[in-house]
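Only one structure is covered here, and it is reproduced in the block below.
Being a predicted model, the structure only gives us computed values, none of them experimental.
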Amino acid sequence: MSEELVCSKPEEVRNAETENSVEIVITLTSEDPPNNDDHNVNPQTEREAETVCNQIRPHHSRVSKELFQTEKEDDDDDDDDDDSGTHYLNSDERPCTHLQRAERPGNGKLPDTFQTDHLLYYERFKAYQDYMLGDCKTSEVEAFTAEYLEKIVEPCDWQAIWHTDVFDVLVEVVDVDCKELKAKVELVLPMESETRGCDLTEESMKALLEATLHKVPLLELSVVYDESGDFDQTALALEHLRFFYKHIWRKWDEEDEDDDFDYFVRCVEPRLRLYYDILEDRVPAGLVAEYHSTLALCFEKFREFSSLRSGLDSDSESEQANVSMVEGLRLYEQLEALKRKLRIIENPLLRYVLSYKVNSGQQSCRAKGPRPAGGRVVHLVSALATVHQLQSLITDKLMPHYSSEEFEVQFHSDPVLAVNACYEGDVVIVCPGLYSITSSISIVDSIEVEGYGLPDEVVIEKRNKGDAFVESTGANVKLSNLKFIQRDAIEGILCVRQGKLEMENCVMQCETTGVIVRSAAQLCMNMCDLYGSKGAGVEIYPGSVCSLVGNGIHHCKEGILIKDFADELDAMPKITMVNNMIHNNQGYGVILVKPGDATVEDLPAEPSASDEKEKEFEDTGVQSEADIDDDDDGGGDDDVPAIVVEEECPAIKHGHSVPPDFTEGNDAIKQELVATSAKKHGLQKSRMKALGAMQADENLLSQEMFISIHGNQFKHNGKGSFGTFLY
């Protein structure tokens, strides 16, 4: 006999959307012929059908609950991309897991677990913001976390690997306490385990579990891989919990006075962003080391402070209590200073504005000075050299220049190690070859680094993203005959932070920005070739000294960028640009950054005769001979800064014909720089008069801006030879 029995859906499912309704048909078969008179089934068949329906009903109840929750989420986030791997309540019934398997190394006995530590930034961001923490305060983190786990984690009947420092063992979870962040487990028999430096038996493991009341931290559990997909969200929830308490949460957060603010915005988001910036090599290695050392020191000081605080007796007035109180205040101040430093590094903006300027990976590197034992060392860098190459090196370089008794020779295979081993006056000679490095070259002493051969033969390549390629802070540094190549970089290729750097016959293949000359630093760059910068080829900061002679700067976004020096606190730069070839740049050959007219204060309404001269000089960029004579006779406090401008072009002097279209930018650059400096002088005078100053500060108003710009050729620059950027 074959009959069909229609089981109606449970009431809670019938109330759901009509398109999701399911009709369940059960076909019953029997060897007896069908009874056409009546279609009633026997009592046994009815009981079997009822049993089947009862088994199906809880499943539908669960599905309907997910459908309602998913519908609500879809309405709220219609336009969002939810393909994140953390969409916990998905209406699609997946036939299998969507997480990958994390295979255990070797041929261990333990089963594989879910691969969950590869999540992207936005996946963790969405999980913490939308599901786990929301807009909770610091004091509410534990309650929100427990509520999140109660909704997501399976309460029982799943296996996990209990991972500790000394063993891994397979256990089965029988209960979960979300408030205590612990799970009650039972040992899976026969026992499957892996140990590290200890012997573990089944009896000892049972004794350990009994001692802990069979409760283990959820942070130490990794869900065993299951292809059904039933435990995907449990594995992800434990991963988010583990990551949060390892990389985001700090023990002192709960004592923070800013409890009224959103904990996610204030702490979680910047720390999560910093973690992924470090993971993707977007933070200088020195700053990363500084952050980790500061964090470790902060943990140590917090433990000391907590221990001291717990031992204090508020009612005691003994001398020991007073001493402990003073020590506690001292630790508290140290702890607050460390926390402020951490917040600066964790904040994406302050990280670069405040920390990065003083911490470029060389915060602990100071000039060593002369070698304590005296003498100087020639550092030879060569990964592999033939006898003939060594003989040529000795004949051509070592004997003619470094044969005196004060010189010794040391051998290196890495240019970074050679530079780090230098003292003042040392010389680094890099033999031909390709040297691949991952850390920055930091030059803090007055040394010379030169390549033995042509630049294309002596190549130093850097692949790490986080640091600048070359950073110079030495008083007198020289680089020559070298080629620098950046790969996958996010920092500039060379930065002169202080001191003087001379470059000659070098090639720089940039990945991001090019050469940066900071305030109070000096760069002399001669006969070099620079290309490929996604920013400016050369950035000149206020107060710097920059000499560019005979260089090629091409295929950059901008050729040369001169930073704004109009502010009264900025010193004027001294710029020399002679016979450079600036071509094929995306923007301008040279660009000046300065404030717009709306941001510049107006000069006095009734200018004096000297002010009129200044106005004429500002507009034309030229000072008459009569005015110059007056200045020589003592023009008083109203003199403009002495601006020296070399007008003669060496190409014309030697009779070479250069098309005027290629050199037209030289005069425009000079006039704009002179006009900007004159305007700055006028603003300084007007401010002093407004303050009632009787006499101007000679140091402030007598700054000399040396401008020597001639013979430069500008070709095929996208926006022209010279332009200004107003802000």
>> Checking Lys500 now: which residues fulfil side-chain contact (heavy atoms from CB on, under 4.5 Å) with it, not counting sequence neighbours?
In response: Asn476, Glu502, Gln522, Cys524
> Which of these passes side chain to side chain contact (heavy atoms under 4.5 Å, CB included) with Asp529: Met508, His554, Gln509?
Replying inline: His554
> Between OH of Tyr423 and CG of Asp445, what distance do you get to the nearest 0.5 Å?
Replying inline: 9.0 Å
> Quick check: does any side chain N or O of Gln498 sit under 3.5 Å from a backbone N or O of Ala521, one acting as donor and the other as acceptor?
Replying inline: no
>> Using modelled atom types and a 3.5 Å cut-off, is there a donor and acceptor pairing between side-chain atoms of Asn551 and backbone atoms of Met525?
In response: yes
> Just by distance, with hydrogens left out, do Glu346 and Tyr291 show a side-chain donor and acceptor under 3.5 Å apart?
Replying inline: yes
> Would Asn584 and Tyr531 satisfy side-chain hydrogen bond (donor to acceptor under 3.5 Å, both in side chains), going step by step from the backbone distance to the final call?
Replying inline: CA-CA 10 Å; Asn584 291 100; Tyr531 58 93; over 6 Å; no
> Roughly how far apart are Glu461 CD and Phe469 CZ, rounded to 0.5 Å?
Replying inline: 8.0 Å
> When you look at NZ of Lys483, are more than 12 heavy atoms from neighbouring residues, nucleotides or ligands closer to it than 6.0 Å?
Replying inline: yes
> Which value, rounded to the nearest 0.5 Å, describes the distance between Phe722 atom CZ and Phe714 atom CZ?
Replying inline: 9.5 Å
> Under the 6.0 Å and 45° cation-pi test, does Arg518 pair with Tyr541?
Replying inline: yes
>> Let's go through Arg497 and Glu471 carefully: what are the C-alpha distance in whole Å and the side-chain angles of both, what is the deciding distance for salt bridge (charged side-chain N to carboxylate O under 4.0 Å, His left out) to 0.1 Å, and is it a yes or a no?
In response: CA-CA 7 Å; Arg497 296 193 173 274; Glu471 293 193 340; 3.5 Å; yes
> Just wondering, do Ile562 and Val590 contact through their side chains at under 4.5 Å, heavy atoms?
Replying inline: yes
> So, the side chain of Ser533 versus the backbone of Gly535: is there a donor-acceptor pair under 3.5 Å, distance only?
Replying inline: yes
>> Using modelled atom types and a 3.5 Å cut-off, is there a donor and acceptor pairing between side-chain atoms of Gln486 and backbone atoms of Gly492?
In response: yes
>> Checking the side chain of Asn717 only, and the main-chain atoms of Ile582 only, is there a donor and an acceptor separated by less than 3.5 Å?
In response: yes
> Where the side chain of Asn347 meets the backbone of Arg343, is there a donor-acceptor pair that is under 3.5 Å apart?
Replying inline: no
> Would you say the side-chain atoms of Asn585 pair up with the backbone N or O of Cys556, donor to acceptor, closer than 3.5 Å?
Replying inline: yes
> For the side-chain hydrogen bond (donor to acceptor under 3.5 Å, both in side chains) test, which of Arg371, Lys368, Gln410 pairs with Asp426?
Replying inline: Arg371
> Which of these, Leu482, Leu494, Asn526, sits in a side chain to side chain contact (heavy atoms under 4.5 Å, CB included) with Met503?
Replying inline: Leu494
>> A quick test of your reading: do over 12 heavy atoms of other residues, nucleotides or ligands sit less than 6.0 Å from CD of Glu408?
In response: no
>> Measuring centre to centre across the rings, with the benzene-like ring taken for any Trp, is His716 within less than 6.0 Å of His583?
In response: no
> Among all residues two or more places apart in sequence or in another chain, which pass the salt bridge (charged side-chain N to carboxylate O under 4.0 Å, His left out) test with Lys534?
Replying inline: Glu511
> How long is the span from the CG atom in Asn579 to the CG atom in Asn712, to the nearest 0.5 Å?
Replying inline: 7.0 Å
